[in-house]
Amino acid sequence: IDLLLILVIGLGLGGLLSRVSIENNLGFGAKTIGQWTAWPEAGSRDADPYTKAKVATDGDIPLGAAEGIAFHGRQDNRGEKLDLNCTYTISGRTPPARLWTLTAHKPDGDVVRTPSGGPATLTSRSILRKTDGTFTVRISPALTGGNWLETSGEGPFEFIMRLYDTQISGTAGLGNPKMPAIALD
């Protein structure tokens with residue numbers, strides 16, 4: 001009976017810790033750049049078991065290393081979770097890529113919708129940049145000038161920035177790239 005109790009406790013505790021690790025994105029394959037986290041191996045056979053479990057749990061179809069990489073931003077510059085009731089600014093520059101997209105997602109993976117029902121998304125081809133190549137995007141439900149990503153609803157959300165055809169999509173290219181900052185306005 002003691003051996004059975006130890007086995008049940010061990011399996012239960014191991015399962016619980018694995019679930020917490022997967023749900024909170026604590027996998028071994030995670031690479032963090034500033035406020036952004038990516039899983040470069042998520043689309044490869046060489047992905048670790050935690051990354052594979054995260055992909056399966058999220059229901060994502062990950063980008064392959066030759067296609068690009070997806071970065072997730074879940075916190076602002078104060079370390080607080082992002083909230084749809086707030087206004088944020090994403091500013092800076094991205095690593096070189098042929099194209100990037102910025103999309104707001106709810107915790108369940110659904111895309112945040114605008115009041116008109118469209119997806120809350122922008123692409124690198126539709127934004128204005130400064131002469132030094134940097135950009136600023138305001139994210140809010142209220143209309144604003146310049147680059148604006150319209151959101152609606154309430155509750156937590158995350159940004160997913162997908163970089164397509166970029167050299168940092170493999171682990172070798174993740175040397176010391178810069179990602180834009182996410183700041184509460």
- Please identify each residue that fulfils side chain to side chain donor-acceptor pair (under 3.5 Å) with T101, with sequence neighbours left out. none
Going by heavy atoms in the side chains, are [X] and [Y] under 4.5 Å from each other?
X	Y	answer
P107	P156	yes
I139	T87	no
Y88	L82	yes
M179	F71	yes
N77	Q35	yes
R129	S124	yes
T136	N147	no
L7	I9	no

Tell me whether [X] contacts the main-chain N or O of [Y] through its side chain, where contact means a donor paired with an acceptor under 3.5 Å.
X	Y	value
T166	G68	no
W36	P180	yes
W148	A142	yes
T37	T32	no

Can you tell me how far apart [atom1] ([X]) and [atom2] ([Y]) are? Round to the nearest 0.5 Å.
X	Y	atom1	atom2	value
T144	L149	OG1	CG	11.5 Å
I90	I182	CD1	CD1	5.0 Å
S140	E150	OG	CD	8.0 Å
W100	L122	CH2	CG	6.5 Å
F157	T103	CZ	OG1	11.5 Å

- Query: With a 4.0 Å cut-off, would you call D132 and K130 a salt bridge?
  - Reply: no
- Message: Test of understanding: clusters of I, L, V, M, F, W, Y form through side-chain heavy atoms closer than 4.5 Å, transitively. Do L99 and V111 belong to the same one?
- Response: no
- Item | Candidate list E80, H105, E158, test side-chain hydrogen bond (donor to acceptor under 3.5 Å, both in side chains), partner R74, passing option | E158
Locate the shortest heavy-atom distance separating [X] from [Y]; write the atom from each residue and the value.
X	Y	value
T151	A120	CG2-CB, 4.3 Å
S152	R113	OG-O, 2.5 Å
A97	Y164	CB-O, 3.6 Å
R162	A70	CG-CB, 3.8 Å
F135	M161	CZ-CE, 4.5 Å
T114	P119	CG2-O, 4.0 Å

- Report the relative orientation of the aromatic rings in H72 and W39; use parallel for angles under 30°, tilted for 30 to 60°, perpendicular for over 60°. perpendicular
- Item | Heavy-atom neighbours of R78 CZ exceed 12 at 6.0 Å | yes
